[in-house]
2 protein chains.
Amino acid sequence: MDTRDQLLDAAEQLFAERGYAGTSLRAITHLAQANLAAVNYHFGSKENLLCSVVRRRVVPINQRRLEQLDAAEAAAGPAPVPVNRILRALIEPVFEAGNGDGALGIYFPRLIGWLYSESITQIEELYEAEFSEVFSRFVDALAKSLPKHPRSDLYWFIQFTLGMLVTVLMTGDRIGLCTTGHCTQEPPEMLVHRLVGFAEGGFLGRDRANTAPGSRTDTTRKI
Amino acid sequence: MDTRDQLLDAAEQLFAERGYAGTSLRAITHLAQANLAAVNYHFGSKENLLCSVVRRRVVPINQRRLEQLDAAEAAAGPAPVPVNRILRALIEPVFEAGNGDGALGIYFPRLIGWLYSESITQIEELYEAEFSEVFSRFVDALAKSLPKHPRSDLYWFIQFTLGMLVTVLMTGDRIGLCTTGHCTQEPPEMLVHRLVGFAEGGFLGRDRANTAPGSRTDTTRKI
DNA sequence: GTCTATAGTCAGATAGAC
DNA sequence: GTCTATCTGACTATAGAC
């Protein structure tokens, strides 16, 4: 089914560039050099096509996340896994997604960003199914490494971390535009490094604040 | 011009809920109880309407940000402003936007999220005009407080911080859905507190890592 | 499996009466 | 300023020949 794959590739690219609502089946079939009717033949509907596009990438990403976490836990033995190792297991697989597809891999990360804002019912169900295990495994690992943190904080912190990740992915090559030219596009490994470093600081923040009273922290207004 | 304001309010709500591409002028005029032709009469086009919606909120937000930063710098005198005070000046005004409008203020934050993913030419120009001063002022303040950080890092960190902020805003009341029920909606002050705390940890992170060699940080793999 | 043709709907924009 | 009516085009989806 060559047409099917070409449709998936074209849809991935266009959904990433223009969003779901902003992309027409005409544009997809044109880019895929397929007939307008092909989408409905192969996928049944535009929404099903989106789900197929997403599932094709998300399933391997989450597999890879769990593999990395498994490996890190095995390496740590009974000790807790270092926080930045956990965060790298969460973040890095997203940037590796589609690396085998050459130029194609650049589109999916940005699509993830769109999915964050466009709430499409089938996609939300897909998320529920695909992310619940990943989510609980990572929170468990973080709770072991950061026993002083309330579990609810860890959930929020993961949200924050994924939020940073998603917006970096969304921005993509427009990063210079968003920062009036002060940031330039960087290789994925560098972005992973930056994100992991910043998030690690966020997760450890409370420890640092408690143990370093002389630090430049304004404590005059806590809620 | 009562109709004009009703159009702005309705557009703000619907753009926030469905995005720009996903919202029709028919839906906007219906909600505003105005005629379909009213949008083009008052604003000229759908895109101009969006710009008016955005400008109405962004201008006061950025004013407030600069006011808070001015106040913090005045209070600090010659000393650098505490990092978390700078971050609060950056984050808090967004949550205050539209507070005077009662229930209406809940929509704009989510719209900001959409604008992050939907790249609309006029909006990007508006950003360029409205954000350049804010951006440079905040980077200057942060550079003074964190002299060891390369300036390019500070730009990235601000991007990360705004990214967290935006995704929290986008998620809005769907936060429970995205975290399989482990996070629940919280009052704005609490969100500001969480965001500022996490971001502060991220900004100070490098200092902490350098000065606390015994911390739970995996240094086996730096890029 | 792939195509043409088209149904049926909705979009943004505008002309012109009032 | 507001309305009705309508233009023009694009959209998803489907029916049916090949």
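Lettering follows sequence order; numbering is per chain, from 1. What you see is a predicted model, and the numbers here were worked out from it, not measured in a lab.
- The B:S45 side chain lies nearest to C:dA13 when the options are D:dG1, C:dA13, D:dT4.
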Worksheet item: Taking it one step at a time, do B:F95 and B:E189 satisfy side chain to side chain contact (heavy atoms under 4.5 Å, CB included)?
Response: CA-CA 8 Å; B:F95 287 89; B:E189 316 88 61; over 6 Å; no
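- Computed from coordinates, the A:H42 NE2 to C:dT2 C1' distance equals 8 Å when rounded to whole Å.
- One can place CG of A:N40 at 19 Å from P of C:dA5, the figure rounded to the nearest angstrom.
- Here A:N35 does not reach the OP1 or OP2 of C:dT2: none of its side-chain N or O atoms lies under 4.0 Å away.
- Between the side chain of A:R110 and the main chain of A:M170, a donor-acceptor pair closer than 3.5 Å is present.
- Judged as a salt bridge (Lys or Arg N to Asp or Glu O under 4.0 Å), and not counting sequence neighbours, the contacts of A:E67 are A:R64.
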Scan nucleotides 6-11 of chain D against the protein and return all N/O pairs shorter than 3.5 Å with their distances rounded to 0.1 Å.
{"from": "D:dC11", "atom 1": "OP1", "to": "A:S24", "atom 2": "OG", "distance (Å)": "2.9"}

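- The side chain of B:T3 places an N or O atom within less than 4.0 Å of a non-bridging phosphate oxygen (OP1 or OP2) of D:dT2.
- Inter-residue side-chain proximity for A:E17 and A:E12 is flagged as unmet; no heavy-atom pair is nearer than 4.5 Å.
- For the pair B:L14 CG and C:dA11 P, the interatomic distance rounds to 12 Å; values are reported in whole Å.
- Nucleotide C:dA11 holds its P atom 10 Å from the CD1 atom of B:I28, rounded to whole Å.
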Report all interatomic pairs (protein N or O, nucleotide N or O of nucleotides 16-18 of chain C) with separations under 3.5 Å.
none

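- Between B:F135 and B:Y155, the distance from one ring center to the other falls under 6.0 angstrom.
- A:L49 contributes atom CG, which lies 5.0 Å from atom CZ of A:F43 (distance to the nearest 0.5 angstrom).
- Protein atom CD of B:Q33 is 11 Å distant from nucleotide atom P of D:dC3, rounded to whole Å.
- For the ring-ring contact (aromatic ring centres under 6.0 Å, His included) with A:F203, the qualifying choice from A:F198, A:F138, A:F157, A:W156 is A:F157, the only one to do so.
- Rounded to whole Å, atom P of C:dG12 lies 13 Å from atom CG of B:L50.
- Note: B:L8 CG to B:T3 OG1 = 11.0 Å, rounded to the nearest 0.5 Å.
- Across all their heavy atoms, B:T23 and B:L14 have their closest contact at OG1-O, 3.2 Å.
- One atom, NE2 of A:H30, and another, P of C:dC3, lie 14 Å apart when rounded to the nearest Å.
- With rounding to whole Å, B:Q6 atom CD is found 13 Å from D:dT2 atom C1'.
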